[in-house]
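Read the structure below first, then the notes.
Heavy-atom basis, side chains included; hydrogens, waters and symmetry copies ignored.
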Number of protein chains: 4
Amino acid sequence: MSRSVDKKEKAARIGSTAITVFRKLGYHGARMVDIAEAAGIGKGTLYEYFRNKDEILRFEFERYFAAFQSGATAAMAGADTPADRLLSLVHFAFDHVTDWEDHCGVYVDYFGSGRRGEEAAFSLANIYTVVEDIISRLIEEGQASGEIDRGLEPDATAELLVSFFDGVVLHGVFSERRCKAESLRAAALRLLTSGVLVGAADRRAEKRGDERFERGG
Amino acid sequence: MSRSVDKKEKAARIGSTAITVFRKLGYHGARMVDIAEAAGIGKGTLYEYFRNKDEILRFEFERYFAAFQSGATAAMAGADTPADRLLSLVHFAFDHVTDWEDHCGVYVDYFGSGRRGEEAAFSLANIYTVVEDIISRLIEEGQASGEIDRGLEPDATAELLVSFFDGVVLHGVFSERRCKAESLRAAALRLLTSGVLVGAADRRAEKRGDERFERGG
Amino acid sequence: MSRSVDKKEKAARIGSTAITVFRKLGYHGARMVDIAEAAGIGKGTLYEYFRNKDEILRFEFERYFAAFQSGATAAMAGADTPADRLLSLVHFAFDHVTDWEDHCGVYVDYFGSGRRGEEAAFSLANIYTVVEDIISRLIEEGQASGEIDRGLEPDATAELLVSFFDGVVLHGVFSERRCKAESLRAAALRLLTSGVLVGAADRRAEKRGDERFERGG
Amino acid sequence: MSRSVDKKEKAARIGSTAITVFRKLGYHGARMVDIAEAAGIGKGTLYEYFRNKDEILRFEFERYFAAFQSGATAAMAGADTPADRLLSLVHFAFDHVTDWEDHCGVYVDYFGSGRRGEEAAFSLANIYTVVEDIISRLIEEGQASGEIDRGLEPDATAELLVSFFDGVVLHGVFSERRCKAESLRAAALRLLTSGVLVGAADRRAEKRGDERFERGG
DNA sequence: CATGAATGAGGATTCATTCAT
DNA sequence: TATGAATGAATCCTCATTCAT
């Protein structure tokens with residue numbers, strides 16, 4: 001048993017190191033030796049813990065995915081209304097990206113290489129489906145309870161929100177960030193809740209005012 | 001003069017083909033032979049038109065970048081107010097992604113491989129800077145004219161918008177799109193203009209109402 | 001520790017084999033596979049010991065150069081007068097060429113390819129400078145002690161002697177030798193000591209006789 | 001006829017240019033394009049005048065060889081005694097190297113690549129045989145007439161002299177010359193005629209004196 | 001368990017040569 | 001005759017993976 005624990009722990013340490021290396025050198029650019037050296041072990045030892053290069057990434061991706069799922073679940077559990085749950089989710093997403101920054105960068109590199117339909121269980125498409133479904137349902141609930149704009153198409157909006165989130169990740173990977181994470185998060189929340197344009201919000205508010213009259217009438 | 005060949009045009013044809021191949025096989029996965037075969041030429045001929053694999057991508061990236069710049073400029077030129085220009089830009093961005101879909105996919109793959117500060121002239125960071133500056137100024141103008149929410153921090157919002165846009169691109173690369181591009185675009189525009197939450201828009205509208213009284217008073 | 005291999009020794013064995021291959025096929029004509037096969041190892045293994053083709057030659061050249069230097073030093077150490085040292089040096093040079101025959105042949109091939117000023121530390125020019133300086137000084141000493149003809153210009157003679165030596169090497173490379181090494185060496189020594197022409201030696205001897213008289217008088 | 005003259009002349013011009021290029025870039029390093037460009041013609045045109053890269057060198061080598069032969073013959077024709085002929089030959093050799101410097105350099109490069117027995121008609125071994133035979137006979141004649149030291153083995157000495165000559169060439173190829181050609185030539189002549197060592201010449205002269213007595217007695 | 005020496009499949013790139021114009 | 005576009009054979013080198021110790 002203790003042996004098995006040791007092995008797992010060492011695999012975790014290696015995997016974690018590997019991500020750092022992948023991040024710096026790119027998945028393709030990183031050689032097995034680089035990882036081994038960074039982990040302070042021999043090249044051959046790597047293969048005692050992982051079948052091959054891909055396997056290391058899969059291992060880490062699983063951790064990443066699991067952390068996302070449990071974190072997202074927890075975030076939503078702490079909120080009452082659908083809208084709050086949505087905002088909590090966004091907050092969590094920002095935190096998650098910060099905590100798993102290197103991972104995110106690596107996945108852009110790795111999954112970006114047109115490997116699309118390769119394996120259902122091991123792809124971002126997978127995580128997307130899960131999250132988009134959650135958000136879509138959240139939106140529907142929010143629309144039912146009147147908290148969320150009924151004019152939005154739940155599926156499209158969900159996909160869009162996830163896309164936006166990806167974009168924030170991607171942007172950090174592609175270019176040095178110019179603004180601080182905090183002001184970015186603030187802008188994101190403000191934008192998501194009330195949009196950019198003053199006129200549009202007004203018009204909608206007015207329209208809704210009319211609706212109330214009409215309904216009320 | 002020997003066999004007359006329009007070198008410029010042939011280079012364009014090869015580059016275009018290469019992008020398709022890159023998209024399908026990934027930049028790393030695509031072998032020079034693959035590109036040559038796809039272009040219906042010999043392996044060596046490739047090197048008559050491009051110094052190496054990288055050069056092909058650079059060539060295409062330049063075209064992509066140029067198209068983006070001129071397109072964005074044109075889009076904004078056709079609009080009167082800052083807010084309209086912003087919306088035009090968003091519209092154009094969606095069109096651009098559609099027109100240059102393969103390119104976008106390839107760049108995610110290529111630039112994702114931690115090659116960050118390599119060369120100023122050849123990186124997405126470059127395009128980002130340009131666009132973010134434009135948007136930032138647009139927001140400031142919109143805020144000055146009262147069209148855009150003054151609570152938004154121009155720089156952060158600009159970076160965020162570009163990030164969002166990237167996200168939409170990335171999402172298409174990473175997973176098969178679930179919604180039609182049209183409904184996605186509609187959702188995006190609605191979201192950008194008035195946000196998701198009903199309450200927030202209301203609250204803001206009300207606040208502004210108060211301001212009017214105060215001002216008026 | 002894994003398979004214990006004396007890396008130093010193996011590198012030496014590979015390098016030595018490589019020289020043989022270079023000699024037979026020419027530096028350019030020899031493919032890495034040829035070397036690997038001759039050494040009884042895999043192509044990739046070569047690169048465990050040497051960064052590239054060039055590096056193999058450099059490695060061997062260093063050995064050759066070191067052997068020359070220590071050998072020349074030892075040869076001269078065993079002689080008393082400058083003239084003896086010079087003759088010892090010539091003897092050693094002949095021995096050296098015999099011992100390092102393949103090397104010499106390879107260097108003609110390698111350094112002959114107009115790569116002149118490439119790298120100070122790695123060129124025959126280097127070895128030449130060292131040797132020519134030694135010989136030049138030897139001649140000066142010999143002239144001072146009256147053993148060597150004072151009419152000779154030390155620098156030019158030194159360069160010439162080294163050139164002659166090179167010529168002997170080169171000749172073996174370019175064409176099958178017609179005479180036995182021994183008779184060649186004998187001829188060289190005779191020629192170096194007293195020249196070819198009878199008349200000249202006589203004339204000089206006579207002149208010197210006159211000088212003696214003049215001095216004596 | 002004029003056509004044929006044109007062709008020949010152009011071939012000569014191309015060949016001459018090629019030698020310059022070979023000299024600068026090495027035979028292997030020089031690409032056909034380099035030669036074509038240097039000659040101011042198209043790559044394909046090269047093949048109108050020469051079957052292939054090798055052929056260019058052969059063509060030039062033939063010129064070089066012919067010039068050597070006729071020059072050597074003329075040099076010897078102008079001298080009366082064997083010893084004078086030998087000295088004339090040496091003088092001519094020095095002139096020849098100067099006139100055909102680039103050629104010499106190229107041949108070191110080209111023939112140095114272990115291509116030994118390839119083709120009798122096209123190799124330095126060929127030229128060597130011719131020259132060595134001439135010199136050997138010259139020495140025998142000189143020995144018969146008493147002008148040349150009878151202790152020298154004609155064949156070995158001939159081979160040696162040619163080797164020496166090669167050495168002077170080689171040295172110029174391998175390293176920047178330190179001494180002026182003139183002082184080198186002077187040293188060479190002095191060395192060849194009377195050697196380096198004073199004592200040896202004396203001893204020999206004395207010995208010969210004894211011989212005279214003995215013979216005379 | 002740990003290791004690193006050995007390996008060869010695989011890919012980018014070069015360049016002499018051909019040949020249609 | 002002159003040309004340069006096209007070509008693929010040939011070669012260097014990399015690196016994931018194996019395996020003897």
Between F:dA9 (P) and D:Asn52 (CG): distance, integer Å: 19 Å
Polar side chain donor-acceptor pair, C:Tyr27 to C:Asp54, under 3.5 angstrom: yes
Nearest-angstrom distance from the residue atom CG of B:Asp6 to C1' of F:dG4: 15 Å
Polar side-chain atom of A:Ser16 near backbone of A:Ala12 as donor-acceptor pair, under 3.5 Å: no
Closest to side chain of D:Lys53, choosing from F:dA5, E:dT3, E:dA16: E:dA16
Rounded interatomic separation in angstrom, taking OH from A:Tyr49 and C1' from F:dT17: 18 Å
Stretch residues 30-46 of chain C: residues that reach within less than 4.0 Å of DNA chain F through a heavy atom: C:Ala30, C:Arg31, C:Met32, C:Lys43
Watson-Crick or G-U stems of DNA chain F, 3 or more pairs, under 3.5 Å, by first number: E:2-21 with F:2-21
Output field: ring centroids B:Tyr107/B:Tyr64 closer than 6.0 Å: yes
Parallel, tilted or perpendicular, as decided by the 30° and 60° cut-offs, for the rings of D:Trp100 and D:His103: perpendicular
Distance below 4.0 Å between A:Tyr47 side-chain N/O and E:dT3 OP1 or OP2: no
Whole angstrom value for the distance that separates P of F:dT17 from CZ of A:Phe50: 13 Å
Polar side-chain atom of D:Lys43 near backbone of D:Glu37 as donor-acceptor pair, under 3.5 Å: no
Non-hydrogen side-chain atoms of C:Tyr47 and C:Met32 separated by less than 4.5 Å: yes
N/O donor-acceptor pair under 3.5 Å between A:Asp34 side chain and A:Arg31 backbone: yes
Cation over ring face, D:Lys10 and D:Tyr49, 6.0 Å, 45°: no
Length of the NE2-P vector between A:His28 and F:dC15, whole Å: 12 Å
A:Lys10 side-chain N/O to E:dC1 phosphate OP1/OP2 under 4.0 Å: no
Between P of E:dG11 and CG of B:Asp54, the distance in whole Å: 17 Å
Whole angstrom value for the distance that separates P of F:dA16 from OH of A:Tyr27: 9 Å
Intermediate values then yes/no, side chain to side chain contact (heavy atoms under 4.5 Å, CB included), B:Glu60 and B:Phe22: CA-CA 12 Å; B:Glu60 285 297 308; B:Phe22 286 153; over 6 Å; no
Nearest-Å distance for atom pair CD1/C1', residues C:Ile14 and E:dT7: 13 Å
